[in-house]
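Okay, structure first, notes after.
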Protein chains: 2
Amino acid sequence: MHGHEHGAGHHHHAHGLDVVARAEALCRDRDLQFTRLRRDVLETVAAAQGPLGAYDIAERLSVPGRRVAAVSVYRALDFLTELGLVHRIASRNAFVSCAHEHGAGEGLVFLICRTCGGIGETTAPEIEAGLGRALDRAGFKPASRIVEVEGECGACRERTG
Amino acid sequence: MHGHEHGAGHHHHAHGLDVVARAEALCRDRDLQFTRLRRDVLETVAAAQGPLGAYDIAERLSVPGRRVAAVSVYRALDFLTELGLVHRIASRNAFVSCAHEHGAGEGLVFLICRTCGGIGETTAPEIEAGLGRALDRAGFKPASRIVEVEGECGACRERTG
DNA sequence: GCGCCGTATGTTACAGTGTATCAGCCTATA
DNA sequence: TATAGGCTGATACACTGTAACATACGGCGC
């Protein structure tokens, strides 16, 4: 699993350009700065096969003569995450890029493959109603939610049986 | 929210004894050792109001003359997590104790309160079917899942309006 | 131009999280 | 007693994340 899946397995191979284009449009619309560092970080994450840690990103962006500190990467990641261009995988402390829009009530689910280490996405709108009822029962007012499933992705199941 | 909620807000105040008793029974059944360190770690987590980090636990267990290293705490937490006596909150890198059994298909959900910092639990069995369908659509074979919701718990909503 | 201010970035330092490795200890069992 | 396996201690290290402060750059009013 080296891309992201949407819905019933809609693959986005090499979507680096997609997400960068979306970033440009978003920043233009909202009068935000799509700076070089932010672009570099986004391109690096988008080009990666799997999730990247902040220090991985910093290392890949650092060349002799231009060293990128991890703290700068974190700031760029915060910015990109805020815009929904990048997602944080809490159970891995790592980040993936995301080329498609996400709306509320969509039921975003992250799929973490134990075999190839890749991150997929799918949506399960059905779970929103049930989760909403459960939260009502518990008297809990939600603000944000994460759903992460660890297992084996389709590609690895085919490969290894 | 300084305990855990189960189902429609079933509270377990001061359940430290419950979970320790359950740990003893589990270890007896499975021929596992419920050592002093493991007991201490479990009691510390159970007695805490909110989630504890591994280093917090190590600090609380360290007294002059007996220093508990974080690495030992991690091993004990791994052991306890494996038995379902302790849960890890991925979005906080912290741990909470859990006095009740969990079965598959139960739809365990962690409720993280932004106001009081407490962790609650509830179950949403309804989401299992929907999530299962979504995973089928994506061709993904699940092994474990985490659902964490951040927001405001019932107690804090009453207190602050 | 000049100063002012807000945003972005650089730099350093530090706190927190987690793992690897090796050594010692304790206990059960032969 | 000897041995093997599980538990713990201790040290070191890598990774993750934040705080604090300095600097740079660009727009804006004067």
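Naming convention: chains lettered A, B, ... in sequence-line order (proteins, then strands); numbering from 1 in each chain.
For the side chain to side chain contact (heavy atoms under 4.5 Å, CB included) test with A/L80, the passing option among A/L85, A/V45, A/L26 is A/L85; the others fail.
In this model, the phosphate group of D/dA10 is not approached by any side-chain N or O of B/S72 to a distance below 4.0 Å at OP1 or OP2.
The CZ-C1' distance, from B/R36 to D/dC7, rounds to 14 Å in whole Å. In this structure, CG of A/L37 is placed 16 Å from C1' of D/dT23, rounded to the nearest angstrom. Computed from coordinates, the B/L77 CG to D/dC7 C1' distance equals 15 Å when rounded to whole Å. Rounded to an integer number of Å, the gap from A/R30 CZ to C/dT7 P is 17 Å. Between A/R39 atom CZ and C/dT9 atom P there is a gap of 13 Å when expressed in whole angstrom units. If you measure from atom CZ of B/F34 to atom C1' of C/dT27, you get 19 Å, rounded to the nearest angstrom.
The pair A/D40-A/R36 counts as a salt bridge, with a side-chain nitrogen and a carboxylate oxygen less than 4.0 angstrom apart.
For the atom pair CG of A/D78 and CG of A/L83, the computed distance is 11.0 Å after rounding to the nearest 0.5 Å.
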Exercise for the section: Do nucleotides 15-21 of chain D as a string where each nucleotide becomes B, S or -: B if the base has a protein heavy atom under 4.0 Å, S if just the sugar-phosphate does, - if no protein is that close. Expected result: -BBBBB-
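Ring pair B/Y74/B/Y55 is perpendicular by interplanar angle, where above 60° counts as perpendicular and below 30° as parallel.
Under the 3.5 Å distance criterion, with hydrogens and angles disregarded, a donor-acceptor pair is assigned to the side chains of A/T115 and A/E152.
Of the listed nucleotides (D/dG9, D/dT11, C/dG10), D/dG9 has the atom at the smallest distance from the side chain of B/R66.
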